[in-house]
Amino acid sequence: MVRDEIKALVEAAITNAQDAGALPDFSMPPVEILRPKQEGHGDYSSNIAMIAAAAARKAGGGKVNPRQIAQAIVDHLPADALVGKTEIAGPGFINFYLADDWLQQQVGVIVEQGDKFGNLGQGEGQYWQVEFVSANPTGPIHYGGARNAALGDSLSNVLEAAGYRVQREYYVNDGGSQFDHFAATLYARYAQLLGQDVPVPEDGYQGEYMIDYARTVVHEYGDRFLQMDRDEAIDALKPIGEDIVLAALKKELAGMGVIFDNWFREQSLYDEGLVQQALDYLDERGELVRRDGAVWFLSSKYPKNDKDTVVVRSTGKPTYFAGDIAYHYDKFFRRKFDKVVNVWSVDHQGHVARMSAMMQAFGLDPDRLVILMYDLVKLIRDGKEVKLSKRAGNLITIDDVVKEVGADALRFNLLTRAPESTIEFDLDLAIAQEKENPVFYVQYGHARICSILEKASEKGLATPEHDAKRTPARLVLLTHPSELTLIRKLLGLEEQIETAIERLSPHNLTHYAIDLTKTFSAFYRDCYVADPENPELSEARLLLSQATRIVLAKILALLGISAPEQMWLEDKKDLID
RNA sequence: GCCCCCUUAGCUCAGCGGAUAGAGCAUCGGUCUUCUAAACCGACGGUCGUAGGUUCGAGUCCUACAGGGGGCGCCA
């Protein structure tokens, strides 16, 4: 990555300068390389001289002029192909300008690497899990879950691009009372379909979809569950109902392009005795206590926790948290993930401290479990918020929103905001502004490049492919400012991926995609690409277009959004026909 | 009462210690005989919630306060 290379150059320059006696032999603070916002301040800059001056002053070295330190560093910079010019500016910034001839050749590097460009491999050898969505398996998913799905899935994509091995997991909460209510409801709907007068329980699920599920049961199993008594039938219906609902969940999530590697059933933790095993482990470590007939986890001894937590009720039934303990015991001790990211909505925020306590009680580094918290999605229709509940059966599902606005627009929109910001998603606006949606802007940019490449080939120009002999000689023709600006922007992909991983959020990638598309538009405006009169320059520009297409397609893939090869507006299409 | 998040342009949001705070939308102008006008160019628009503090330097870090949201069960 360019930034790291520049950093290495600065570090080397400091050492050189100290060896030469041009800089005092004090220990230098870590070198930071910045991306100046302001044009005219270089492609990269370093504030090291100012920081060093402050450090020297504190160490009693008296007043030191940062600009002198900067000068000493610049004087001792090793020569490197990528740096074209350096300058000292302002209070002591060192600004670096990338060399044009180096930039030009990077186009060849991108085209050669193709969809591998940007994969830096920093996660090589690391095994991570991203657990996300994990909505109760009791029916279609509330639209808020779409944000969870988009975040978890895109984050997984980004991690994989960086070389991490990633497992995408859905935790199926089939062990608690909610799932009991689900099975009881399924039984009621099933019996009703077969002419019995069995009411849906009060704490059951009123939604129409339960009737569809019941219909599937009738279709596949006939009336056999009516031969049993109610409790026996409900037990028998549990695994059947679970299969049905999981199939529905998979389909709904696939509708927005999300596929899980593993569906982990809470119930399996009980069936395999893992809950007991995990609790025994904590007990041996002195983390549990019996009190008031219940078993408590002594969470209050850990920071940020003000109370203890019941893990086994006085009735003998384990709490949900006991399952969570076993689940994470499994993640870290049995499956041995290096790091686990749980994507949770803010309303679970109260559990975060307890999860950290649990990790410490396990004797594990709490940083190996990251809770990625995202805020709510407020759905706005007719100027007011839509508030609904699954239990009442009048919820708006992911499927509903996907049908209204499309999976691509939905994902892009959800991934444009930082996880901790509340999203106001105005459905009317989303539909009315369909053409103005930034996702189409980016997709259109990709389609436009495809179209240019196609036109070029019709005009008899060579398709842009990397060729070690030909391309370097062509690429030196890319001297227009819009060409060089575009190349600079393309090289930013690596840093963008790194940033997304640092923050465990891909939302910077959507902004980068818009930015890159805009930069391409300027190039498209200023530089005619496919010109048979100018085959050599055309070849160079086609390579640059191809490199841009590669990067745009890559970002869209990371975001889980399609990269169409063509897009036509309805009225325009008519004109063509 | 305690804990967490948010407050930046009319609206929706980026910006996570650097040099003159950005984008999209909206509004107002201007661009299609030429590789897709789902595009491009220009204009308008901000005492970054308030008050202190740390720093050579603060939208960014710390403290307090105000406003908004969420969370504090032998529920999940």
Side-chain angles (χ1 to χ4, degrees), chain A residues 32 34 36-41 45-47 50-51 53-54 57 66 89-93 95 136 173 175-179 266 291-296 304-307 309-315 317-321 323-324 345-353 373-376 378 413 416-426 429 433-441 443-445 447-456 458-459 461 499 502-503 507-508 510-511 514-515 517-518 521-522 524-531 538 541-542 545 566-570 572-573 576:
Chain A
E32 265 182 89
L34 313 163
K37 293 180 202 163
Q38 195 64 34
E39 212 172 317
H41 290 164
S45 72
S46 178
N47 58 2
M50 273 117 62
I51 302 214
R57 194 179 328 117
F93 289 103
N95 295 338
N136 278 339
N173 301 125
S177 56
Q178 292 306 316
F179 193 68
E266 180 187 7
R291 191 192 298 155
D292 306 329
V295 180
W296 298 71
K304 299 267 181 191
N305 284 270
D306 51 3
K307 50 185 82 162
T309 313
V310 172
V311 289
V312 183
R313 299 176 180 88
S314 48
T315 61
K317 198 184 170 208
T319 62
Y320 179 82
F321 184 59
D324 244 7
S345 80
V346 267
D347 36 285
H348 297 90
Q349 164 259 113
H351 302 258
V352 174
M373 200 75 68
Y374 65 93
D375 213 277
L376 306 174
K378 285 188 190 170
N413 197 298
T416 306
R417 277 67 167 243
E420 63 271 18
S421 76
T422 311
I423 292 183
E424 291 203 6
F425 195 75
D426 190 321
L429 215 59
Q433 296 180 343
E434 202 172 351
K435 290 181 190 171
E436 309 302 330
N437 201 313
V439 71
F440 296 119
Y441 179 70
Q443 289 181 316
Y444 176 69
R448 180 184 253 173
I449 298 172
C450 293
S451 173
I452 293 170
L453 297 176
E454 167 117 21
K455 274 274 163 36
E458 284 170 14
K459 291 176 185 173
L461 291 160
T499 300
E502 264 169 28
R503 301 188 196 169
H507 70 277
N508 59 306
T510 53
H511 293 276
I514 293 169
D515 198 22
T517 306
K518 193 181 297 181
S521 289
Y524 173 81
R525 180 193 65 221
D526 297 336
C527 305
Y528 196 92
V529 179
D531 177 12
S538 290
R541 288 179 172 172
L542 284 166
S545 301
Q566 45 179 305
M567 287 174 85
W568 297 101
L569 216 52
E570 287 307 314
K572 186 85 177 182
K573 197 196 280 174
I576 301 279

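A note on names: the letters A, B, ... follow the listed sequences, proteins ahead of strands, and every chain is numbered from 1.
Panel note: side chain N437(A), backbone V439(A); a donor-acceptor pair is recorded below 3.5 Å. With hydrogens and angles ignored, the 3.5 Å screen pairs no side-chain donor or acceptor of T319(A) with any backbone N or O of V312(A). Checked by atom type and distance alone, the side chain of K455(A) never pairs as donor or acceptor with a backbone atom of A530(A) at under 3.5 Å. A donor-acceptor pair under 3.5 Å links the side-chain atoms of S46(A) to the main chain of E32(A), judged by distance alone. Of the possible donor and acceptor atoms, one in the side chain of S545(A) sits under 3.5 Å from a partner among the backbone N and O of R541(A).
Along RNA chain B, the nucleotide closest to T517(A) and the one closest to A456(A) are compared, and the more 5′ of them pairs with A456(A). The 5' end of RNA chain B is approached more closely, in terms of each residue's nearest nucleotide, by L376(A) than by the other of E266(A) and L376(A).
Remark: K518(A) is in phosphate contact with G24(B), judged by side-chain N or O atoms under 4.0 Å from OP1 or OP2. R448(A) has a side-chain polar atom (N or O) that falls below the 4.0 Å cut-off from OP1 or OP2 of A37(B). R503(A) has a side-chain polar atom (N or O) that falls below the 4.0 Å cut-off from OP1 or OP2 of G15(B). Applying the 4.0 Å criterion to OP1 and OP2 of C4(B), one finds that K304(A) has a side-chain N or O inside that range. Residue S45(A) places none of its side-chain N or O atoms closer than 4.0 Å to OP1 or OP2 of A19(B).
Between the CD1 atom of I452(A) and the P atom of C35(B) there is a distance of 10 Å, rounded to whole Å. Rounding to whole angstrom units, OH of residue Y374(A) and P of G71(B) are separated by 13 Å. If you measure from atom CD of E420(A) to atom P of U8(B), you get 14 Å, rounded to the nearest angstrom. Atom C1' of nucleotide G70(B) and atom NZ of K378(A) are separated by 10 Å, given to the nearest angstrom. Remark: P of C2(B) and CG of N305(A) are 18 Å apart, rounded to the nearest angstrom. Between the NE2 atom of H348(A) and the P atom of G69(B) there is a distance of 20 Å, given to the nearest Å. Distance Y320(A) OH to C74(B) C1': 17 Å, rounded to the nearest Å. In this structure, CG of N413(A) is placed 11 Å from P of A14(B), rounded to the nearest angstrom.
One P atom belongs to U55(B), the other to C16(B), and the distance between them is 23 Å to the nearest Å. Atom C1' of U47(B) sits at a distance of 23 Å from the matching atom of A43(B), rounded to the whole Å. U12(B) and G73(B): their P atoms are spaced 33 Å apart (whole Å). Here the separation of G71(B) from A14(B), taken at their C1' atoms, is 27 Å to the nearest Å. Taking the P atoms as reference points, A21(B) lies 11 Å from C48(B), given to the whole Å. As rounded to the nearest Å, A66(B) and C28(B) have C1' atoms that lie 37 Å from one another. Nucleotides C11(B) and G70(B) place their C1' atoms 24 Å apart, quoted to the nearest Å. C44(B) and C72(B): their P atoms are spaced 49 Å apart (whole Å).
Relative to the side chain of F440(A), the nucleotides A38(B), G24(B), G70(B) differ in distance, and A38(B) lies closest. Proximity note for R525(A) (side chain, C-beta onward) versus C41(B), U12(B), C35(B): the nearest is C41(B). Nearest to the side-chain atoms of R313(A) among the listed nucleotides A19(B), C75(B), G70(B) stands C75(B). For H507(A), the side-chain atoms get nearest to A14(B) when compared with the rest of C35(B), C3(B), A14(B). The side chain of A294(A) sits closest to C74(B) out of C74(B), C35(B), C5(B).
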Item to complete: Summarise how protein sits on nucleotides 53-64 of chain B as a single string, 5' to 3': B when a protein heavy atom is under 4.0 Å from the base, S for sugar-phosphate-only contact, - for no contact.
Response: ---S--B-----
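The glycosidic torsion of C32(B) lies within 90° of 0, which places this base in the syn conformation.
Between H41(A) and F93(A), the closest side-chain pair of non-hydrogen atoms is not below 4.5 Å. Side-chain atoms of V346(A) and L376(A), non-hydrogen and from C-beta on, do get closer than 4.5 Å to each other. You'll find the side chain of S45(A) reaches within 4.5 Å of the side chain of N95(A), heavy atoms only. Contact check for P419(A) versus H507(A): side-chain heavy atoms found under the 4.5 Å cut-off. Residues N173(A) and Q178(A) fail the side-chain proximity criterion, which asks for heavy atoms closer than 4.5 Å. Looking only at side-chain heavy atoms (C-beta outward), R448(A) and S521(A) come within less than 4.5 Å of each other.
At the heavy-atom level, A353(A) lies nowhere under 4.0 Å from the strands shown. Here S521(A) lies in heavy-atom contact (under 4.0 Å) with sugar-phosphate atoms only. Within the nucleic acid shown, D292(A) comes within 4.0 Å of at least one base atom, counting heavy atoms only. Within 4.0 Å (heavy atoms only), Q38(A) reaches at least one base atom of the nucleic acid. When heavy atoms are screened at a 4.0 angstrom cut-off, Y524(A) is found touching base atoms of the nucleic acid. As judged by a 4.0 angstrom heavy-atom cut-off over every strand, N95(A) is placed among the base-contacting residues. Residue-level contact check: C527(A) touches the bases, meaning some heavy atom is under 4.0 Å from a base atom. Within the nucleic acid shown, S451(A) comes within 4.0 Å of at least one base atom, counting heavy atoms only. Across all strands, V529(A) comes closer than 4.0 Å to base atoms (heavy-atom distances). Contact annotation for E32(A): no contact, since no heavy-atom pair falls under 4.0 Å across all strands.
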Item to complete: Can you run through RNA chain B from 5' to 3' and write each base as (, ), [, ], | or . depending on how it pairs? Watson-Crick or G-U wobble, both distances under 3.5 Å.
Response: (((((((..((((....[...)))).(((((.......))))).....(((((..]....))))))))))))....
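In this pair, Y528(A) does not lay its aromatic ring on the base of U34(B); centres under 5.5 Å and planes under 30 degrees do not both hold. In this structure, H41(A) packs face-to-face on the six-membered ring of A19(B), meeting both the 5.5 Å centre cutoff and the 30° plane limit. With centroids closer than 5.5 Å and planes inclined by less than 30 degrees as the test, Y441(A) and the base of A38(B) fail to qualify as a stacked pair.
In terms of polar N and O atoms assigned as donor or acceptor, the side chain of T422(A) never comes within less than 3.5 Å of the base of C6(B) in a complementary pairing. No hydrogens or angles were tested; on distance alone, nothing pairs the side chain of D515(A) with the base of A14(B) as donor and acceptor under 3.5 Å.
The two residues K304(A) and A353(A) make their nearest non-hydrogen contact at O-CB, 3.6 Å.
Distance CG/L542(A) to CG/L453(A): 6.0 Å, rounded to 0.5 Å.
Not a single side chain to side chain donor-acceptor pair (under 3.5 Å) links T499(A) to another residue, sequence neighbours left out.
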